[in-house]
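First the proteins, then the strands, lettered A, B, ... as listed; each starts at 1.
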Number of protein chains: 2
Amino acid sequence: MTLKLDKVNRGPHLSTLVASSISREIAQGRLKPGDQLPTEQALATTFGVSRNVVREAIARLRSEGRIWSQQGRGAFVADATNATVLTIDYETLQRADSFRNLFELRGMLEVQIAALAATRRSDADIVAMEQALDGMRMAPYGSVAWLKNDLGFHRAVADATQNPYMGQFLVFVSERVRESILAAGNQQKSDDMARTTLGEHERILAAIKAGDAKGASAAMTRHLAGAASRVGLPGGDAEAASPTRHSRLRKAVRGRAG
Amino acid sequence: MTLKLDKVNRGPHLSTLVASSISREIAQGRLKPGDQLPTEQALATTFGVSRNVVREAIARLRSEGRIWSQQGRGAFVADATNATVLTIDYETLQRADSFRNLFELRGMLEVQIAALAATRRSDADIVAMEQALDGMRMAPYGSVAWLKNDLGFHRAVADATQNPYMGQFLVFVSERVRESILAAGNQQKSDDMARTTLGEHERILAAIKAGDAKGASAAMTRHLAGAASRVGLPGGDAEAASPTRHSRLRKAVRGRAG
DNA sequence: TCAATCAGGGTTGTATGATAACACGACAAG
DNA sequence: CTTGTCGTGTTATCATACAACCCTGATTGA
């Protein structure tokens with residue numbers, strides 16, 4: 001509760017600043033689970049805002065499961081596991097290792113998603129992937145349309161698992177990865193990259209189309225390694241999360257609908 | 001915008017009801033991305049609440065990335081990919097296939113997390129796992145303390161990957177799995193289950209301790225298959241997400257090897 | 001003594017009105 | 001056609017008031 005908000009800072013809403021400020025107090029342990037927050041009035045005066053703004057901030061934290069409040073008593077910090085939403089604040093996203101870690105997590109998900117998609121994909125899923133691929137072919141590399149279709153392809157692969165949470169999680173992680181790339185700001189593009197990336201996508205699609213789970217995850221692993229190197233990351237990390245290292249244990253998974 | 005809130009309903013906050021109501025409008029497609037929401041005043045009158053309540057609801061939706069607003073213009077529905085937080089509402093959680101899908105996602109994460117943990121774990125990570133295991137041994141099966149230490153063990157494994165997002169995601173998914181179990185309400189417990197579960201954990205720990213990535217993921221796969229059957233799910237589902245999909249191996253494992 | 005009741009202050013939940021900041025179109029002046 | 005101004009509508013914020021509720025402690029009654 002030390003931060004005094006500066007009115008000159010007129011970027012985000014005041015309630016956002018208050019919320020992230022309280023959030024930081026919790027994350028850094030100055031407010032522990034079970035602790036009672038200062039009263040809304042007290043928060044309003046310490047932050048130099050109206051009680052209304054404080055209430056909007058608290059409503060936000062409450063919806064995230066970070067705090068809970070009871071009329072007549074006050075607001076209290078909730079247990080960490082009570083968090084009902086998963087959020088990565090921009091501050092964390094900017095840390096140097098954030099990109100690497102997020103990329104690793106995404107690789108973990110995506111390599112297995114590709115394998116599962118190969119065994120479960122429907123014809124409609126294939127069509128969605130091909131449409132996204134066409135969208136990438138027509139857009140310039142790195143453009144908004146390109147990125148949109150790139151994400152759309154990966155989303156289509158995830159949806160082919162017939163598990164809606166796969167797509168939800170993958171898109172979330174992928175968006176965070178993209179943001180952390182922007183935060184780092186180190187990216188160069190070339191026509192060669194476009195061709196390479198498209199080829200990687202095509203190989204993924206071919207494997208999924210053929211119902212080849214092993215081939216799909218392998219193609220995805222290669223794609224992620226390539227993507228890693230394209231944004232200046234040693235490609236070995238994506239592979240560490242891939243099942244390729246357990247290849248002896250795996251068998252070719254029988255395809256379903258041909 | 002058809003719902004008229006009933007004041008008699010005094011469970012959650014009014015802002016929560018308004019937020020979920022608008023949220024539903026978006027989810028069901030009656031409000032599409034780019035659409036402008038009614039003015040705060042209009043929402044207030046249609047919902048029969050004060051403008052203050054509407055603002056708290058909007059603050060919440062804005063923090064979730066579902067809408068964005070600009071002073072002097074209005075509030076607009078954001079693109080689906082703009083979601084800055086990952087949230088699974090209780091309504092979705094109650095659906096019959098939710099548990100199965102979440103369990104599959106968790107398995108995907110956890111099996112690879114186990115392998116990665118085996119190659120990266122520090123001594124402190126091992127200590128944390130052993131502490132959680134001790135906590136499980138002393139608590140009655142299914143008790144709050146037991147569940148807490150169970151989650152603690154899996155969290156310790158995830159933290160052993162030295163990637164903070166692993167634990168963050170795993171805990172989030174695990175909590176949703178637990179909630180969906182509670183929503184389904186089908187669980188029976190026995191002392192035998194406690195012993196079996198503990199044994200599964202011990203084998204995971206042993207493999208991680210030995211730095212055996214292959215063994216760790218295999219042990220985790222077995223554990224998840226066992227956990228699935230304990231909550232009345234065909235164990236094959238967890239296996240579908242694991243890289244050790246191998247029916248012969250599974251047969252050999254059945255009946256507590258090692 | 002002990003238990004029940006009640007009054008009071010403090011806190012959150014909600015309502016209401018007002019003002020500032022901003023966006024946008026209409027409209028007149030050049 | 002361009003530009004500047006103004007009026008209107010909307011969000012962002014402030015300030016105040018009241019209702020609902022919790023907690024505590026005093027009062028009361030047995």
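In this structure, B/Asp97 does not pair ionically with B/Arg100, as no charged nitrogen and carboxylate oxygen lie closer than 4.0 Å. By the 4.0 Å N-to-carboxylate-O rule, B/Glu56 lies too far from B/Arg60 to be salt-bridged with it.
The separation between A/Ile58 atom CD1 and C/dG13 atom C1' is 11 Å, rounded to whole Å. Following rounding to the nearest Å, B/Leu14 (CG) and D/dC21 (P) show an atom-to-atom distance of 12 Å. Atom pair A/His13:NE2 and D/dC14:C1' shows a separation of 16 Å (rounding to whole Å applied). Remark: P of C/dA23 and CZ of B/Phe76 are 12 Å apart, rounded to the nearest angstrom. Rounded to whole Å, atom C1' of D/dT11 lies 12 Å from atom CH2 of B/Trp68. The distance from atom CG of A/Leu43 to atom P of D/dT13 is 16 Å, rounded to the nearest whole Å. For A/Glu56 and C/dA15, the CD to P distance is 15 Å, given to the nearest whole Å. D/dA12 atom C1' lies 16 Å from atom CZ of B/Arg73, rounded to whole Å.
Side-chain contact check for A/Glu130 versus A/Leu205: some heavy-atom pair is nearer than 4.5 Å. Put simply, the side chain of A/Val53 does not reach to within 4.5 Å of the side chain of A/His13, judged on heavy atoms.
Panel note: side chain B/Ser143, backbone B/Trp146; a donor-acceptor pair is recorded below 3.5 Å.
The shortest distance between the side-chain N/O atoms of B/Ser69 and the OP1/OP2 oxygens of D/dA12 is below 4.0 Å. For C/dA23, neither phosphate oxygen OP1 nor OP2 lies less than 4.0 angstrom from any side-chain nitrogen or oxygen of B/Gln71. Of the side-chain N and O atoms in B/Ser50, one or more sit less than 4.0 angstrom from OP1 or OP2 of C/dA15.
The side chain of B/Arg55 approaches D/dA12 more closely than any other nucleotide in the set C/dT14, D/dC22, D/dA12.
Here A/Gln112 contributes atom CD and B/Glu104 contributes atom CD; the two are 9.5 Å apart, rounded to the nearest 0.5 Å.
In the interface, the side chain of B/Arg51 is paired with the base of D/dA12 through a donor and an acceptor atom under 3.5 Å apart.
Judged by a 6.0 Å distance limit and a 45° cone about the ring axis, B/Arg176 is positioned over the six-membered ring of B/Phe172.
At a threshold of 4.0 angstrom between heavy atoms, the contacts of A/Gln41 with the nucleic acid are absent.
For B/Asn52 and B/Glu40, each mapped to the nucleotide of DNA chain D holding its nearest heavy atom, the one lying further toward the 5' end belongs to B/Glu40.
Axis deviation across the helix from C/dT1-D/dA30 to C/dG30-D/dC1 amounts to 10°, comparing end segments of five pairs, rounded to 10 degrees.
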